Number of protein chains: 2
Amino acid sequence: MPQPRKRATIREVAKATGLSPAAVSYALRGMQVSGETIERVRRAAAELGYEADPIARALASGRTGMIGLLCGSLEDLWQQALAVGIGRALKDNDRYALILDAAGDPARERTLAGQLRDQRVDALIVQPVDPASPFWASMCESLPVVAIGDALAGARTAGEVVFDNRTGVTLSLEHLGDRGHRRIAVLTPTRDSTPDRPADVHVLAEAERLGLDIEVVTAPQALADATEAADRALAAGHRAFFCFADSIAYGVYAAAAGRGLAIPGEVAVMGYDDHPMSGLLSPGLTTVDWDIDGIVRAAVRMVVGAVDGRPHRRRIVQSPHLRERGSVGSG
Amino acid sequence: MPQPRKRATIREVAKATGLSPAAVSYALRGMQVSGETIERVRRAAAELGYEADPIARALASGRTGMIGLLCGSLEDLWQQALAVGIGRALKDNDRYALILDAAGDPARERTLAGQLRDQRVDALIVQPVDPASPFWASMCESLPVVAIGDALAGARTAGEVVFDNRTGVTLSLEHLGDRGHRRIAVLTPTRDSTPDRPADVHVLAEAERLGLDIEVVTAPQALADATEAADRALAAGHRAFFCFADSIAYGVYAAAAGRGLAIPGEVAVMGYDDHPMSGLLSPGLTTVDWDIDGIVRAAVRMVVGAVDGRPHRRRIVQSPHLRERGSVGSG
DNA sequence: GCAGTTCGGTGAACCGTTTCAGTGAACCGC
DNA sequence: GCGGTTCACTGAAACGGTTCACCGAACTGC
């Protein structure tokens with residue numbers, strides 16, 4: 001059990017400069033003190049190796065300078081990329097991200113969001129698993145929340161970067177339909193316990209409109225799990241897949257390879273999200289792309305704006321495009 | 001600016017139960033109080049919706065129950081997978097991971113490690129960018145540190161999961177040599193500012209031994225950057241690549257495709273790490289694999305053991321195997 | 001020359017826990 | 001019935017900052 005090295009406290013800096021702790025506190029944050037004093041305090045602090053204790057600061061001020069990032073499921077490569085991107089963008093804004101993983105579980109999502117609040121994060125960015133939960137309304141009461149993906153129902157968010165999933169779904173299903181696929185397995189990460197998301201509901205509506213025969217199958221995004229789910233669907237005779245995440249589509253590639261089935265000759269696959277790896281597969285994965293850099297920038301601008309109390313756009317809708325690469329042949 | 005909902009404090013619970021705050025504190029942690037009182041306190045706490053404030057708790061006790069995870073570079077897909085894996089494994093041990101990204105920068109690594117200490121994480125897991133820094137010794141004085149990858153020089157770590165990079169490098173270079181490749185571009189994420197890591201040094205020694213003509217090129221792990229670096233190497237006439245991360249090898253695939261060069265016919269590529277996606281490419285990426293689940297389990301066991309003061313293995317060496325998939329033809 | 005500001009700074013309360021050093025009562029053996 | 005433990009609990013001091021209320025001195029306008 002190593003003992004923590006004793007750090008200098010604000011009182012020691014005060015003693016060294018002959019000022020009160022309060023003055024030191026103000027000086028180091030550049031408030032209400034003369035320039036000459038600030039310089040003196042800076043010097044003394046540097047000499048003593050003093051740096052304000054973030055925990056004590058958080059307790060007293062209620063702020064931390066950190067921003068919570070609550071991801072829906074970090075098994076998903078695209079969401080991993082999003083998290084990394086947001087982390088780096090926040091760093092460029094001199095802020096730190098606290099990244100947590102809801103693992104696709106609505107209950108866990110609520111727990112973690114509450115913990116981030118208790119940790120005094122200045123704001124929260126969330127890619128909600130369960131956007132319909134009334135919990136979000138109370139969350140938005142206590143700190144600025146920026147939602148990515150789906151808007152939070154009935155909550156006063158500080159901003160939202162909404163994906164136009166209706167268009168995304170329509171593009172995907174139409175593409176499959178145009179290529180002659182009528183019986184389609186829809187692989188979605190949504191857990192049974194999650195209330196139907198707008199996107200999922202829209203899948204049913206569009207399938208009806210286009211006269212498609214679909215079966216919705218739950219598939220986790222981790223490659224091994226997705227492969228297993230895809231393999232079961234292949235065993236059940238499915239040959240056309242609409243995957244609600246590129247990560248899941250990768251599982252279809254793996255499962256098809258395992259059964260010696262060729263893509264796109266014998267199996268058709270559509271992804272959703274456009275992860276960088278999707279362009280590297282053979283054939284490339286046909287998918288629907290979101291502008292991930294744009295999403296990152298928008299979310300970070302919103303959250304930083306909200307924290308600093310600056311005006312900012314509260315709502316941006318991301319439109320998808322079909323990225324055709326060859327994984328959907330004619331059926 | 002939303003106002004934080006007022007939460008119940010320990011004093012209110014004390015008042016409600018007619019006990020002192022100290023008694024409540026003890027009761028909720030099941031220490032030194034009668035079972036009947038514990039039950040009474042529990043009930044009152046539940047009724048008031050009381051939960052101990054983690055920040056105040058951290059300030060008073062110096063502990064948080066969180067474990068810091070400092071990654072070398074989260075641009076790397078394999079490291080992303082490792083981070084996610086560790087996060088989930090810690091969750092299974094009822095602990096939370098605080099994930100930070102050093103972005104390949106030794107200075108940033110030191111800064112972030114210090115911040116995690118200041119945040120009172122109970123322990124730190126680090127995949128060091130700069131394992132030779134004397135900084136780690138002082139870090140290990142103030143909290144348990146578990147190192148993944150390279151051992152920390154001159155530091156009393158709580159544990160280390162060391163990769164046998166010597167063997168990994170030897171396997172890789174021998175494989176390339178056996179297939180008749182003599183002139184090899186080594187793509188490594190190591191920044192110029194980083195002191196040479198043992199693995200990098202070993203590359204030079206082994207190249208010498210095997211009579212290979214190598215050129216070391218710095219390449220970031222982000223796909224776009226790796227592709228660019230690989231493209232420059234291709235332009236310089238390189239046709240055989242040893243990439244020090246699968247993520248970098250993906251860049252070679254992309255660059256080769258961009259120039260219409262076939263793998264393995266015209267370009268040979270070796271990866272390092274074995275990310276799940278590597279098996280999905282065509283041809284599959286020949287690489288050196290580490291048992292990522294084993295690494296996760298070992299690191300988590302070590303860190304949890306160190307925090308709980310239980311005895312645990314302090315050092316595990318991971319041995320690599322060659323995972324031949326077809327991306328290295330005969331040159 | 002006097003009320004009214006502004007400036008630079010102080011003292012003390014406060015944030016919400018944990019923990020150390022007691023303390024009174026019950027219980028023990030003898 | 002007496003010293004010695006144990007038990008269940010209390011009071012107050014940390015932990016290391018921030019912030020509020022206030023204060024004297026130096027300006028300001030008139």
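Just so you know, these numbers come straight off a predicted model, no measurement behind them. No hydrogens, no waters, no symmetry mates; every other heavy atom, side chains included, goes into these values. The chains referred to below are lettered A, B, ... by the order of the sequence lines, with proteins before strands, and numbering in each begins at 1.
- Residue A:Lys15 contributes atom NZ, which lies 14 Å from atom C1' of D:dG16 at whole-angstrom precision.
- Here B:Glu36 lies out of heavy-atom contact (under 4.0 Å) with every strand.
- For B:Ala22, taking side-chain heavy atoms from C-beta onward, the closest of the listed nucleotides D:dC9, C:dT19, D:dT18 is C:dT19.
- Checking D:dC9, D:dG17, C:dG16 against the side-chain heavy atoms of A:Leu59 singles out C:dG16 as nearest.
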Table please: side-chain donor-acceptor pairs of residues 40-60 of chain B below 3.5 Å, with sequence neighbours left out.
{"unit_1": "B:Arg40", "atom_1": "NH1", "unit_2": "B:Thr17", "atom_2": "O", "d": "2.8"}
{"unit_1": "B:Asp53", "atom_1": "OD1", "unit_2": "A:Arg120", "atom_2": "NH1", "d": "3.2"}
{"unit_1": "B:Asp53", "atom_1": "OD1", "unit_2": "B:Ile55", "atom_2": "N", "d": "2.7"}
{"unit_1": "B:Asp53", "atom_1": "OD1", "unit_2": "B:Ala56", "atom_2": "N", "d": "3.4"}
{"unit_1": "B:Asp53", "atom_1": "OD2", "unit_2": "A:Arg120", "atom_2": "NH1", "d": "3.0"}
{"unit_1": "B:Asp53", "atom_1": "OD2", "unit_2": "A:Arg120", "atom_2": "NH2", "d": "2.4"}

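- Distances shorter than 4.0 Å separate some side-chain N or O of B:Ser25 from OP1 or OP2 on C:dT18.
- Proximity note for A:Arg29 (side chain, C-beta onward) versus C:dT10, C:dT17, D:dT19: the nearest is D:dT19.
- Counting distance only, with no hydrogens placed and no angle test, the side-chain atoms of A:Arg11 and the base atoms of D:dG16 include a donor-acceptor pair under 3.5 Å.
- Heavy atoms of A:Leu19 sit under 4.0 angstrom from primed sugar atoms or phosphate atoms, though from no base atom.
- One atom, CG of B:Leu48, and another, P of C:dG16, lie 14 Å apart when rounded to the nearest Å.
- Partners of B:Arg313 according to the side-chain contact (heavy atoms from CB on, under 4.5 Å) rule, which considers only residues two or more places apart in sequence or in another chain, are B:Ile316.
- Between A:Asp101 and A:Arg108 there is no salt bridge, since no side-chain N of the basic residue sits under 4.0 Å from a carboxylate O of the acidic one.
- Contacts of B:Gly18 with the nucleic acid, taken as non-hydrogen atoms under 4.0 Å apart, involve only primed sugar atoms and P, OP1 or OP2.
- One finds no side-chain N or O of A:Ser61 lying less than 4.0 angstrom from the OP1 or OP2 phosphate oxygen of D:dT18.
- Rounding to whole angstrom units, CZ of residue A:Arg120 and C1' of D:dT18 are separated by 13 Å.
- We find the CG-CG distance between B:Leu82 and B:Leu69 to be 7.0 Å, quoted to the nearest 0.5 Å.
- Note on B:Thr9: every side-chain N or O is 4.0 Å or more away from OP1 and OP2 of C:dC15.
- With respect to B:Arg297 and B:Asp92, no salt bridge is recorded, no charged nitrogen being found less than 4.0 Å from a carboxylate O.
- Here A:Tyr50 reaches the OP1 or OP2 of D:dG17: one of its side-chain N or O atoms lies under 4.0 Å away.
- Note: CZ (A:Arg7) to P (D:dC15) measures 14 Å, nearest angstrom.
- The nucleotide whose nearest atom lies closest to any side-chain atom of B:Ile10 is, among C:dT18, D:dG17, C:dT10, C:dT18.
- Checking the phosphate oxygens (OP1, OP2) of C:dG8, no side-chain nitrogen or oxygen of A:Ser34 falls inside 4.0 Å.
- Between A:Leu28 atom CG and C:dG9 atom C1' the separation is 15 Å, expressed in whole Å.
- Below the 3.5 angstrom threshold, one finds no donor paired with an acceptor across the side chain of B:Tyr26 and the base of D:dC7.
- Here CZ of A:Arg29 is found 7.5 Å from OG of A:Ser61. Values are rounded to the nearest 0.5 Å.
- Taking the side chain of A:Ala60 as heavy atoms from C-beta on, and the options C:dC15, C:dG16, D:dC9, the nearest nucleotide is C:dC15.
- With rounding to whole Å, A:Glu51 atom CD is found 11 Å from D:dG17 atom P.
- Put simply, CD on A:Gln119 is 13 Å from P on C:dT17, counting in whole angstrom units.
- With hydrogens and angles ignored, the 3.5 Å screen pairs no side-chain donor or acceptor of B:Glu160 with any backbone N or O of B:Ala151.
- Contact between the side-chain N/O atoms of A:Arg63 and the OP1/OP2 oxygens of D:dT19 is found at a separation under 4.0 Å.
- Here the C1' atom of nucleotide D:dG17 and the CD atom of A:Glu12 are 13 Å apart, to the nearest Å.
- Put simply, SG on B:Cys71 and CD1 on B:Ile86 are 7.0 Å apart, with the number rounded to the nearest 0.5 Å.
- For the helix from C:dG1-D:dC30 to C:dC30-D:dG1, the rotation axes defined at the first and last 5 base pairs enclose an angle of 20°, given to the nearest 10°.
- Here the OG1-CD distance, from B:Thr111 to B:Glu109, works out to 9.5 Å after rounding to the nearest 0.5 Å.
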